[in-house]
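Input: a single structure, listed below in structure tokens.
Only a predicted model underlies this, so the values are computations on that prediction, with no experimental measurement involved. Just so it is clear: chains get the letters A, B, ... in the order the sequence lines come, proteins before strands, and each one is counted from 1.
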Amino acid sequence: MIEWSPTTIKAFQTTLLTWYDTAGRDLPWRRDQEPYHVWVSEIMLQQTQVQTVIPYYERFMAWFPTVTALAEAPEERLLKAWEGLGYYSRVRNMQRCARQLLADYEGQWPQTAAALTELIGIGPYTAGAIASIAFNEPVPAVDGNAYRVFSRLLEIDADITKPGTRQLFERVISRIMPHDRPGDFNQAIMDLGASYMTARQPDTEHSPVKVFNQAYLDGKELDYPVRTKKPRPQPIDYVAVVTKMGPDWLMTQRGSQGMLANLWTVPLIKLADLDLPTETVPSAELVTAVIAYFKREYQLTLTAEPLAVRPVTHTFTHQKWTIQLLSGQVAPADLAFFAGKSVNEEALSQLPMPKVQTKIWDRYHSAEAK
DNA sequence: AAGTCGTGGGG
DNA sequence: TCCCCAAGACT
């Protein structure tokens, strides 16, 4: 890692901010410095690209224009606003945070990063982003862009996946950022990281800060940032039972903890939870086992048949699901033992559903069409 | 400290 | 198909 002189730091600040003033992106959440706007955008942007976020942000602001509106919204509406964005605990934590603000802060945002960190769902990065952008506090906002940009500029070879590395970057960036325009500086770093200093195919030759990029000058740009790779997703087998009860669809709500919490799917059963002798299962035996499962777990009498379609596959960060599809039917009955409800098409469209459920519908309809 | 928690895009 | 990556936080 290299060190910059005060002169170099000054030159970098001027070059970066001059570039940002003319080339900075015009984004919906940059129209003002409202902390609510900054906050919503920052939460949405966690692990998510700008292009994906923009339409979600616009709709979210239309549905929940204020902290109070967010605090009072039904959770199903919140999840519907977040449907497809992923990491759904983000939006549930946002509502907890909104209620926390109203209950403990008289509806007023704390104005320092240190205080913002006390709020639910706001970690070190988001606290720095809100404090610098909305309240002009000269604090860094260390996200993936900051890791990538500064590790290359200064050839910092600390592993960014290690807890503790963030503090190193915070110390370095604190010394470099200008105290008069901290929000613009942090956002300029993000714009730089999303344009000339991307992860795979950087265009440093045309970058405004090319001459400050030590890794590039040394021909080692793609060696940064240093990170340890993640394990591959664990495979898990499921059976999806697309079930009609009379004219309605049988839908289950997932539990309040864990993956896809509180979202809705068709009944989804882990193959391991069926009493099956082997891993490779003839479809007839699978149907029998699922019928027994419906009786045992839901007290529902199911009739079912296999669907002649390829299994649905869906990969999450840590799991890869392979889902066999069955078509089923139950007589209108008591759903007291079933964690869900039957819904018509109209009600179905109101339920928040994960991407994997969309894939199940698509595959199911492809079978019906044949 | 290391796992958990989604989805879309690109090579 | 698979891997990696993208404005992280929580446990």
Between the protein and nucleotides 9-11 of chain B, which nitrogen or oxygen pairs are less than 3.5 angstrom apart?
unit_1  : atom_1 : unit_2    : atom_2 : d
dG11(B) : OP1    : Gln201(A) : OE1    : 3.3

Hey, can you pull the residues of residues 216-239 of chain A with a non-hydrogen atom under 4.0 angstrom from DNA chain C?
Arg227(A), Lys229(A), Arg232(A)
Name the nucleic acid region contacted by Ala129(A), choosing base, sugar-phosphate or nothing; use a 4.0 angstrom heavy-atom cut-off, strictly under.
nothing
Which atom names give the shortest non-hydrogen contact between Ser151(A) and Phe169(A), and what distance separates them?
N-CE2, 3.8 Å
Spacing between Tyr88(A) atom OH and dT7(B) atom C1', to the nearest angstrom
7 Å
With heavy atoms under 4.0 Å as the rule, sort Met259(A) into base, sugar-phosphate or nothing.
sugar-phosphate
Base, sugar-phosphate, or nothing: which does Leu260(A) touch, judged by heavy atoms less than 4.0 Å apart?
sugar-phosphate
Assess, by modelled atom type and distance only, whether the side chains of Glu42(A) and Tyr125(A) contain a donor and an acceptor separated by less than 3.5 Å.
yes
Close residues, residues 155-170 of chain A, relative to DNA chain C [heavy-atom separation under 4.0 Å]
none
Under a 4.0 Å N-O cut-off, is there an ion pair linking Glu297(A) with Lys270(A)?
no
Going by heavy atoms closer than 4.0 Å, what residues in residues 115-124 of chain A are next to DNA chain C?
Ile120(A), Gly121(A), Ile122(A), Gly123(A), Pro124(A)
Rounded C1' spacing from dC4(C) to dG6(B) in Å
15 Å
Return the set of residues passing salt bridge (Lys or Arg N to Asp or Glu O under 4.0 Å) with Glu221(A) (not counting sequence neighbours), or none when no residue passes.
none
Return the residues of residues 22-38 of chain A meeting this criterion: a heavy atom under 4.0 Å from some atom of DNA chain C. Order them by number, or give none.
Arg25(A), Leu27(A), Trp29(A), Arg30(A)
Is the phosphate of dA9(C) approached by Thr126(A) (side-chain N or O, under 4.0 Å from OP1 or OP2)?
yes
Check the phosphate of dT4(B) against His318(A), side-chain N and O only, distance under 4.0 Å to OP1 or OP2. Yes or no?
yes
Mind checking if Val50(A) touches a base, just sugar-phosphate, or nothing, with heavy atoms under 4.0 Å?
base
For dG8(B) and dA9(C), measure between their P atoms and round to the nearest Å.
22 Å
Taking Asn136(A) for the side chain and Arg181(A) for the main chain, is one N or O donor matched with an acceptor at less than 3.5 Å?
no
Tell me what Lys359(A) touches on the nucleic acid: a base, only sugar-phosphate, or nothing, going by heavy atoms under 4.0 Å.
nothing
